[in-house]
Amino acid sequence: MKLNYLILFIFTNAFIISAQKKIDVFFDFNKYDINPIAKQYLSTWIENSTDIEVQKIYGYCDWIGSNTYNDSLSIKRVHAVYDFLKQHKVAIKTDYETKGFGEDFDQSSVQAENRKVSILYDKIAITKPKTEEAILLEELNLKIKTAKAGDNIRLKNIYFFNKSPRLLPVSKPVLYELLCVMNDNPKLKIEIQGHICCQTLSGQYDVSAARARAVYTFLIQNGVNRKRLSYKGYGNTRPIYPIPEKNAQEEEENRRVEIVIVEN
């Protein structure tokens with residue numbers, strides 16, 4: 001008997017009805033509780049079926065017994081399957097459709113195939129959380145699109161080697177974000193401005209112009225027309241916080257690269 005059930009399960013697994021998929025769960029004669037083999041089958045299906053949502057649950061019976069009795073039995077089978085799915089945290093559509101057909105359907109000549117519940121389900125799209133890079137790109141794009149000529153926008157997370165114009169590898173995502181913005185806004189023209197921290201006097205460690213030029217060069221090397229770009233180093237002449245700074249955070253805020261909108 002168990003072997004017959006197993007054959008039926010394999011034979012009926014994952015048929016496609018329109019855009020929906022379907023599995024059938026079979027019951028013992030005159031029973032609405034889920035037998036051990038059916039429970040194992042459902043458990044395996046649930047384990048291997050991620051990102052699904054149940055749309056419909058239909059119950060059926062064989063023709064033995066009265067119509068009234070079979071209608072009631074098919075509904076009880078639907079409820080048993082529903083409870084099992086909820087217990088195992090399967091997503092079920094809020095307005096899912098349920099129906100007990102009793103014996104009123106195109107019956108199979110094999111009686112065991114008529115004692116069943118059909119579960120109709122869809123694959124659902126899972127929205128993945130946005131990456132930090134995607135969020136920063138959206139923010140930068142929004143700032144650029146709403147900016148006017150003369151507006152100043154700081155590029156966050158641009159880092160350089162100490163006292164050097166060499167960009168640290170962690171700065172690459174921000175540079176590619178700026179590149180995407182330049183490509184998305186073909187009329188945009190900018191001036192890239194470099195600033196330094198910590199030095200009260202201009203000296204040999206004023207790498208602000210070289211750092212601005214490093215960003216300028218990156219954009220040109222990646223296809224941005226040089227006519228849309230210019231760069232300038234301001235050294236320590238435009239600090240956000242007075243120099244000498246009080247802490248490392250103020251130093252980082254002063255040691256920055258900004259862009260000024262020339263044309264948008």
Side-chain angles (χ1 to χ4, degrees), residues 125-264:
I126 300 298
T127 303
K128 295 182 180 179
K130 293 180 180 178
T131 63
E132 183 179 355
E133 289 79 5
I135 293 172
L136 289 174
L137 177 57
E138 285 184 0
E139 291 177 352
L140 185 57
N141 239 324
L142 180 60
K143 288 179 181 179
I144 293 293
K145 288 182 182 298
T146 57
K148 300 177 182 178
D151 285 353
N152 186 296
I153 298 172
R154 181 185 173 190
L155 297 179
K156 297 181 179 179
N157 301 326
I158 291 283
Y159 299 110
F160 297 86
F161 286 96
N162 189 35
K163 299 177 183 178
S164 167
R166 288 177 57 210
L167 285 155
L168 287 170
V170 293
S171 301
K172 284 297 178 72
V174 183
L175 293 175
Y176 281 108
E177 287 162 15
L178 179 58
L179 176 63
C180 288
V181 169
M182 296 298 296
N183 289 335
D184 290 342
N185 300 274
K187 294 182 179 180
L188 178 64
K189 294 181 180 180
I190 62 172
E191 178 182 85
I192 304 160
Q193 299 182 346
H195 305 269
I196 62 172
C197 71
C198 312
Q199 299 181 52
T200 55
L201 299 174
S202 298
Q204 61 177 322
Y205 298 122
D206 182 358
V207 291
S208 60
R211 286 176 172 174
R213 191 176 194 281
V215 176
Y216 168 88
T217 301
F218 171 86
L219 294 174
I220 289 177
Q221 288 176 342
N222 284 276
V224 179
N225 191 322
R226 67 180 66 244
K227 292 181 180 180
R228 299 172 59 197
L229 306 170
S230 61
Y231 69 91
K232 188 173 182 179
Y234 285 88
N236 60 359
T237 62
R238 296 185 179 182
I240 296 174
Y241 297 100
I243 299 175
E245 296 84 357
K246 296 178 182 178
N247 51 53
Q249 181 179 350
E250 290 189 358
E251 290 178 358
E252 183 178 324
E253 294 284 335
N254 282 343
R255 185 176 58 246
R256 66 198 190 279
V257 173
E258 298 175 333
I259 62 172
V260 172
I261 307 299
V262 176
E263 186 178 322
N264 194 6

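Here, residue 1 is the first one in the sequence, and each next residue gets the next number.
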May I ask you to test the [X]-[Y] pair for a side-chain heavy-atom distance under 4.5 Å?
X: Ile158; Y: Arg211; result: no
X: Leu229; Y: Arg226; result: no
X: Leu175; Y: Asn222; result: no
X: Met182; Y: Leu188; result: yes
X: Lys145; Y: Asn185; result: yes
X: Asp151; Y: Val260; result: no
X: Phe218; Y: Leu179; result: yes

Identified side chain to side chain contact (heavy atoms under 4.5 Å, CB included) partner of Cys197 from the options Glu251, Glu253, Glu252, Arg256 = Glu251
With no hydrogens and no angle check, is any side-chain donor or acceptor of [X] less than 3.5 Å from a backbone partner on [Y]?
X: Glu245; Y: Cys198; value: yes
X: Asn264; Y: Ile144; value: yes
X: Asp206; Y: Ser208; value: yes

Specify whether Tyr234 and His195 have parallel, tilted or perpendicular ring planes, treating 30° as the upper limit for parallel and 60° as the lower limit for perpendicular.
-> parallel
Side-chain donor-acceptor pair under 3.5 Å between Gln199 and Asn236, yes or no?
-> no
